[in-house]
Number of protein chains: 2
Amino acid sequence: MISIHKALKEKGLKVTPQRVAIYKAVVDCKNHPTVENIIDTIKMEYPSISVGTVYKVLNVLVSNDLLRKVESEKEVMRYDAVLEHHHHLFCMDTDRIEDYEDKELDILVAAYFKKKEIKNFKIENFKLHITGKFIK
Amino acid sequence: MISIHKALKEKGLKVTPQRVAIYKAVVDCKNHPTVENIIDTIKMEYPSISVGTVYKVLNVLVSNDLLRKVESEKEVMRYDAVLEHHHHLFCMDTDRIEDYEDKELDILVAAYFKKKEIKNFKIENFKLHITGKFIK
DNA sequence: TTATTAAAAGAGAATAATTATCTTTGCAGA
DNA sequence: TCTGCAAAGATAATTATTCTCTTTTAATAA
Ligand SMILES: [Mn+2]
Ligand SMILES: [Mn+2]
Ligand SMILES: [Zn+2]
Ligand SMILES: [Zn+2]
């Protein structure tokens, strides 16, 4: 568990209750919430927060690498508090997105790309987008 | 080169000049055009087309698996006429997205997942989202 | 502790992308 | 050729997000 207070400080950002609350809401929502999810969660203990503030703070946190956006083909953006390298499981039937981490796979793919380069392209990172169905 | 005329027929969809033109525009635009790109291209030989029609037709083509959406963290949707299994190279500095196909990699990863299953998840497909920089 | 100040929050309007509604048009089968 | 349904076109509506402006507040120093 990272201290958001400390993290904001380190980035030279003011520590405000809203920023802390919004960050916490993304963590609490779990599994890549939408802005709507985040607002709903926050409103429980911060009923007067402004929607514009939520968007603004999310953008600040993303551009300071304290949160990430999740790419999707849907119309609404989703956010991720997990900064460590990981992949995503996308449910084909619902909007559920789960984290998938797999060091062994990372090593396998990294080794593959170390041998076989992509021409005209310098790889910085890769991520698997795995589609399928959650079972049980 | 697939016949869009035939493809539409096979899906039980009416063949209209607009549908054909929009499909062709996605192919011609190359590399995952936005709706704006598509409209610009189409307007050259179809100046009177309606924006709503473009959106509607794109949705029809996507839901009939004649086109695909490309997932991204940006605000605008992008489309893909390449239906065969392939991966994407995302430029870190620009909005450029290029196709990357690699049968050897596909086999490697598929073999990996055949051995090591993901618990509670039935994989249907996977796709690599590779970020980096285009060089030269 | 208080004063100062730059940065952030809040409110609401504006914009941008996309979808929905309604009317008109036109493909396709009879 | 006629007819009916599906699609196109026009435009309004909706949704997600950003912007602008004012007020508030966190951080620093006196
Ligand atoms: Mn989007
Ligand atoms: Mn939007
Ligand atoms: Zn994640
Ligand atoms: Zn592609």
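Basis for what follows: all heavy atoms, side chains included, without hydrogens, waters or symmetry-related copies. As the structure is a prediction and not an experimental result, all values here were calculated from the model.
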Seminar exercise, completed: A correct 5'-to-3' footprint of nucleotides 20-26 of chain D, with B, S and - meaning base, sugar-phosphate only and no protein heavy atom under 4.0 Å, is -----BB
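Atom-to-atom, OH of B/Tyr79 to C1' of C/dA17 comes out at 10 Å; the value is rounded to the nearest Å. Taking atom NZ on A/Lys74 and atom C1' on C/dA17, their separation rounds to 17 Å, with Å as the unit. Between B/Glu73 atom CD and C/dA17 atom P there is a gap of 17 Å when expressed in whole angstrom units. Going from atom CG of A/Leu61 over to atom C1' of C/dA9 covers 14 Å, rounded to whole Å. Rounded to whole Å, atom C1' of D/dT15 lies 14 Å from atom CE of B/Met77. Put simply, CD1 on B/Ile22 is 11 Å from C1' on D/dA7, counting in whole angstrom units. Note: CG (B/Leu13) to P (C/dG29) measures 13 Å, nearest angstrom. Rounded to whole angstrom, the span from the OH atom of B/Tyr55 across to the P atom of D/dA10 amounts to 16 Å.
Checked against the 6.0 Å centroid criterion, the rings of B/His85 and B/Phe126 qualify as a close aromatic pair.
A donor-acceptor pair is defined here as one N or O able to donate and one able to accept, closer than 3.5 Å; no such pair exists between the side chain of B/His5 and the backbone of B/Ser3. In this structure a side-chain-to-backbone donor-acceptor pair under 3.5 Å is missing from B/Asp28 to B/Ala25. With hydrogens and angles disregarded, no donor-acceptor distance shorter than 3.5 Å links the side chain of B/Arg19 to the backbone of B/Val57. With B/Asn64 contributing its side chain and B/Leu66 its backbone, the two residues share no donor-acceptor pair below 3.5 Å.
Closest contact between the side chain of B/Asn59 and the listed nucleotides C/dA8, C/dT19, C/dT18 involves C/dT19. Of the candidates D/dA16, C/dA17, C/dA28, the closest approach to any side-chain atom of B/Lys9 belongs to C/dA28.
Using a 4.0 Å heavy-atom cutoff across all strands shown, A/Val57 reaches sugar-phosphate atoms only and no base atom.
Electrostatic pairing of B/Asp95 and B/Arg78 does not count as a salt bridge here, judged by no charged N lying under 4.0 Å from a carboxylate O.
If you take CG on B/Asn125 and CZ on B/Phe113, they are separated by 11.0 Å, rounding to the nearest 0.5 Å. A distance of 8.0 Å separates NE2 in A/His129 from CD1 in A/Ile97, rounded to the nearest 0.5 Å.
One side chain, A/His32 or A/Asp99, offers a donor N or O that lies under 3.5 Å from an acceptor on the other.
Residues A/Gly52 and B/Val51 each lie close to DNA chain C; by heavy-atom proximity, the contact nearer the 5' end of the strand is made by A/Gly52.
Contacts between residues 29-50 of chain A and DNA chain D, counted as heavy-atom distances below 4.0 Å, involve A/Val35.
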